[in-house]
Amino acid sequence: MVATAATSVFIPVTSSPDSSESKNKKLGGGSTRLESFKSKPLASSASLQVKANAQGHKNINGSTVVTSPVESFKNDDGLSSPPPRTFINQLPDWSMLLAAITTMFLAAEKQWMMLDWKPRRPDMVIDPFGIGKIVQDGLVYSQNFSIRSYEIGADRTASIETLMNHLQETAINHCRSAGLLGEGFGATPEMCKKNLIWVVTRMQVVIDCYPTWGDVVQVDTWASASGKNGMRRDWLVSNSETGEILTRATSVWVMMNKLTRRLSKIPEEVRGEIEPFFVSSDPVLAEDSQKLVKLDDSTAEYVCKGLTPKWSDLDVNQHVNNVKYIGWILESAPLPILESHELCAMTLEYRRECGRDSVLQSLTAVSDSNVENTGNSGEINCQHLLRLEDGAEIMRGRTRWRPKDAKSLGNVDQISAVRA
């Protein structure tokens, strides 16, 4: 199309009188200038061409020049002929040529920008999916998330489920960007051949500060070896603008056969796939060596029964997503604590998976007494247990809560007075 437009500048295209009349009929109701040109019976088509050329406006070098009517030249036979060709009336329409050249340059520039996706820094590799980047020789994956309005809670800050989903998303995208994602959900090609999947056994999270609506957080994650048959994955969440550390998390993962639902050792073929991406570093958090106690009906102070997973709670491996467990253990947390405190740390141990037909119970015990008077208290520790109705353990947990900032929810003493 561009070549045609450029060519038409130098090669005049003539049209027959019939085509000119049809165009005038179609466009007759549009432009006022077109209405002034009415068809008249002429001696020949050459005379019509002379009339059009004589009355048309010339466009020379971008300027419109109005030419005076030119008498047609007659030959010996009395027929009209076009005026002689001169330098002026043979100049090309430079505005059309300039538009054609500009269009070609813009198209070439757009195509070049689409293809030029290479990083500006040599230590950064952009993944082909455009969702994150791999840094530090491909060992660390970094991705930004914007906190949406539907991801915040009553405190106008991101919920704990939102933060945990960000951690899980970056872990999956890290595997995909590194070329380790097979047909399964977070499984390598060799794992898919052997029907193996990753399952988390332990999670430890410390939240220094919660992001708010509109904040953009940067999540960095990397993997390391954990014993002979495990993998450790760490996360570091920070504010993308200020660099302030918001959340630190570490976890331990093992392999499970998705057909037998039993734990499995890491095959050598799989080890050869994942070990080149392991980072030799200490965990981002020191291990919480305090033992998680097992609650029962006699030691639990708060119990929430009848919890059932929904279809949307299942992942592609047909078991409940581990982030859902966190929401379940908080179902039995005392309301006064939720009102006056915020979750700042938790340690979780996943003991068993649950399916879509499971019915669960959430148990909570508060280590500090006088829960109803939490307005003037400091940090509060809670013990949690998630179990099936038959008593089988799903997860043990321990959470630590700190008083909320007075600026975000008003004066804590006033809240306590209203509740009293």
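Just so it is clear, the values below take in all heavy atoms, side chains as well, and ignore hydrogens, waters and symmetry mates.
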Item to check | CA sep, side-chain torsions, deciding dist, call: Glu353, Val199, side-chain contact (heavy atoms from CB on, under 4.5 Å) | outcome: CA-CA 9 Å; Glu353 65 173 345; Val199 292; 5.9 Å; no

Item to check | Test side-chain hydrogen bond (donor to acceptor under 3.5 Å, both in side chains) applied to Glu273 and Thr188, step by step | outcome: CA-CA 8 Å; Glu273 288 180 319; Thr188 66; 2.6 Å; yes

Item to check | Pair Ile147-His166, side-chain contact (heavy atoms from CB on, under 4.5 Å): steps then yes or no | outcome: CA-CA 10 Å; Ile147 305 301; His166 290 170; 3.8 Å; yes

Checklist entry - Can Thr299 and Asp296 be said to form a side-chain hydrogen bond (donor to acceptor under 3.5 Å, both in side chains), step by step? => result CA-CA 5 Å; Thr299 57; Asp296 53 28; 2.9 Å; yes

Item to check | side-chain hydrogen bond (donor to acceptor under 3.5 Å, both in side chains) evaluation trace for Thr399 with His384 | outcome: CA-CA 8 Å; Thr399 58; His384 304 274; 2.7 Å; yes

Checklist entry - Could you go step by step and tell me if Asn229 and Arg271 meet the side-chain contact (heavy atoms from CB on, under 4.5 Å) rule? => result CA-CA 9 Å; Asn229 292 295; Arg271 193 182 302 275; 4.0 Å; yes

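Checked against Glu349 for a salt bridge (charged side-chain N to carboxylate O under 4.0 Å, His left out), the options Lys291, Arg396, Lys294, Arg202 give a single hit: Arg202.
For the atom pair OG1 (Thr347) and CG (Asp288), the distance works out to 4.0 Å, reported to the nearest 0.5 Å. Going from atom CG of Asn173 over to atom SG of Cys175 covers 9.0 Å, rounded to the nearest 0.5 Å. For the atom pair His341 NE2 and Lys404 NZ, the distance stands at 10.0 Å (nearest 0.5 Å). To the nearest 0.5 Å, atoms OG (Ser177) and CD (Gln143) are separated by 8.0 Å. For the atom pair CD1 (Ile245) and CD (Gln218), the distance works out to 9.0 Å, reported to the nearest 0.5 Å. Considering CZ of Arg148 and CG of Asp215, their distance stands at 12.5 Å, rounded to 0.5 Å.
Judged by distance alone, with hydrogens and angles left aside, the side-chain atoms of Tyr350 form a donor-acceptor pair with the main-chain N or O of Asn322 at under 3.5 Å.
Residue pairs meeting the ring pair (Phe, Tyr, Trp, His ring centres under 6.0 Å) criterion with at least one member in residues 240-273: none, sequence neighbours excluded.
Looking only at side-chain heavy atoms (C-beta outward), Leu348 and Ile329 come within less than 4.5 Å of each other. Residues Glu342 and Arg402 are in side-chain contact: their nearest non-hydrogen atoms beyond the backbone lie under 4.5 Å apart. By the 4.5 Å heavy-atom criterion applied to side chains, Glu269 and Lys193 are not counted as neighbours. Looking only at side-chain heavy atoms (C-beta outward), Trp213 and Arg156 stay at 4.5 Å or farther from each other. Side-chain contact between Tyr302 and Cys382 is absent, with no heavy atoms from C-beta onward closer than 4.5 Å. At a threshold of 4.5 Å between non-hydrogen side-chain atoms, the residues Pro267 and Leu196 count as touching.
Aromatic ring orientation, Tyr141 versus His174: parallel (interplanar angle below 30°, classes split at 30° and 60°).
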